[in-house]
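Position 1 is the first residue of the sequence, and the numbers go up from there.
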Amino acid sequence: MAEAAAARLRCGGCATELPGAALACPSCHRLVHAESLTRLAAEARALEAAGDGAGALAAWRQALGLLPPGARQHQAVQAAVARLAAQAPPPPADQAVPRWLRWLGPAGVVLLGAWKLVGFGKLASVLSLVAFFGVYLRELGWQYAAGFVLSIYLHELGHVAALRRAGIPAGAPMFVPGLGAFVRMQAAPKDARTDAAVGLAGPTAGLLAALACQAAWWATGLPVLRAVAHSGAVLNLFNLAPIWQLDGARGLAPLAPWQRTALLGVAGLSLVASGERMLWLVILLGGLQALSPAAPRAPDHRTFAWFAALLAGLAWLSWAASAAS
């Protein structure tokens, strides 16, 4: 019985352990309820062909609840639900939605915009966090969503702490549902080394948060903690890619050309040791930056050691969290 229960917690495609309420595998994105979705789709088509629009609508709605919003099938099923709902007769007058409730949704959007405009940064930050949490809540379950959002929040707090140490005013972390989070700087860092410290502080806090989840998994055996630890490691490695406004671009800026090349060696060794494919992004983009004529001549040994330690630590954590127990 224990083995059968464990099997239900693993993805049928890649055998990754799944959070309890997951709708899709966080690793290979395979749909957890693929068989049920196939059955419901066939049932809905049969009911609609037989003239039972209400039954078909109920089946499609049930299928919609088993699909993560990001899945390609979600849009098609949503369109079928909208089409059948438009054909359904209106509800009786005594079942109509109250006027005050119909106004609640648009009013909430207007109030949220007003709060942001007048500068209630902390309140806006909390509201954006709640919206971000809601996106992952439906797709991967509340336990994974809570752990993942908290790890991102701690990552951003790492930036905030570094900015305050540098004497730079910073806004509260803002979450963009489905994309990530950011912190607004009210002034530019005084030099590239300070900017690098601000950039690398986020992945450092993210690494510590992921390590805490991994340690908790070792202590409790809860699969969701292991999943959050692995996601945190991969997400923070992605942030170390040296491109655009990502943390890796800031961390690489004060490094001399030979240090950038040496950092590629660290990333390559970490890739070989851990098998974490996200490191390919760091290597490819870092290779372009190593050839940049704008790289400073003077080396920055502290930033180099910090960046290298983050690459190695996050790569190890990704391997440890994905290795078989």
Under 4.5 Å between any side-chain heavy atoms of Phe238 and Leu246, yes or no? yes
4.5 Å side-chain heavy-atom contact, Phe148 and Leu235: yes
Heavy-atom pair with the smallest gap, counting every atom of Ala320 and Gln214: O-NE2, 3.4 Å
Cluster link Leu311 to Leu284, ILVMFWY, side chain under 4.5 Å: no
Does one hydrophobic cluster hold both Val266 and Val272, with members joined at side-chain heavy-atom distances below 4.5 Å? no
Is there a path of hydrophobic side-chain contacts, each under 4.5 Å between heavy atoms, that joins Leu47 and Leu57? no
Is any side-chain heavy atom of Leu225 closer than 4.5 Å to a side-chain heavy atom of Val228? no
Separation between CG of Leu163 and CG of Asp195, rounded to the nearest 0.5 Å: 9.0 Å
Do we see a donor-acceptor contact under 3.5 Å between the side chains of Trp306 and Thr204? yes
Check whether any side-chain N or O of Gln259 sits under 3.5 Å from a backbone N or O of Asp300 as a donor-acceptor pair, and report yes or no. yes
I need the Leu317 CG to Leu237 CG distance, nearest 0.5 Å. 9.0 Å
pair Arg165-Val198: side-chain heavy atoms closer than 4.5 Å: no
ILVMFWY network linking Val282 to Leu271, side-chain heavy atoms under 4.5 angstrom: yes
List the atom of Leu154, the atom of Ala209, and the distance in Å for their closest heavy-atom pair. CD1-CB, 3.7 Å
Trp258 side chain reached by Pro299 side chain, heavy atoms, under 4.5 Å: yes
Could you check whether any side-chain heavy atom of Arg45 comes within less than 4.5 Å of a side-chain heavy atom of Trp60, counting everything from C-beta outward? yes
Can you find a heavy atom in the side chain of Arg250 that is under 4.5 Å from one in the side chain of Leu200? no
Taking all heavy atoms of Ala205 and all of Gly158, pick out the closest pair and write down the distance. CB-CA, 3.9 Å
Rounded at 0.5 Å granularity, tell me how far CG in Leu240 sits from CG in Leu279. 9.0 Å
Could you tell me whether a side-chain N or O of Arg226 sits under 3.5 Å from a main-chain N or O of Ala321, the two making a donor and an acceptor? yes
Does a salt bridge link Arg39 with Glu43, judged by any charged N lying under 4.0 Å from a carboxylate O? yes
If two hydrophobic side chains count as joined below 4.5 Å and joins carry through other members, does Leu269 share a cluster with Ile283? no
CG-CD distance between Leu263 and Gln289, expressed to the nearest 0.5 angstrom: 11.5 Å
Arg260 side chain to Ala253 backbone, donor-acceptor under 3.5 Å: yes
Return yes when atom CD of Gln245 has more than 12 non-hydrogen atoms of other residues, nucleotides or ligands closer than 6.0 Å, and no otherwise. yes
Donor-acceptor contact below 3.5 Å, side chain His155 vs main chain Gly202: yes
Whether the side chain of His230 engages the backbone of Ser322 through a donor-acceptor N/O pair (distance < 3.5 Å, no angle test) should be reported. no
Rounded to the nearest 0.5 Å, how far does CD of Glu276 lie from CG of Leu281? 11.0 Å
Looking only at atom types and distance, does a side-chain atom of Ser274 sit under 3.5 Å from a main-chain N or O of Ser270, one as donor and one as acceptor? yes
Interatomic distance, OG@Ser318 vs CG@Asn236, rounded to 0.5 Å, equals 11.5 Å
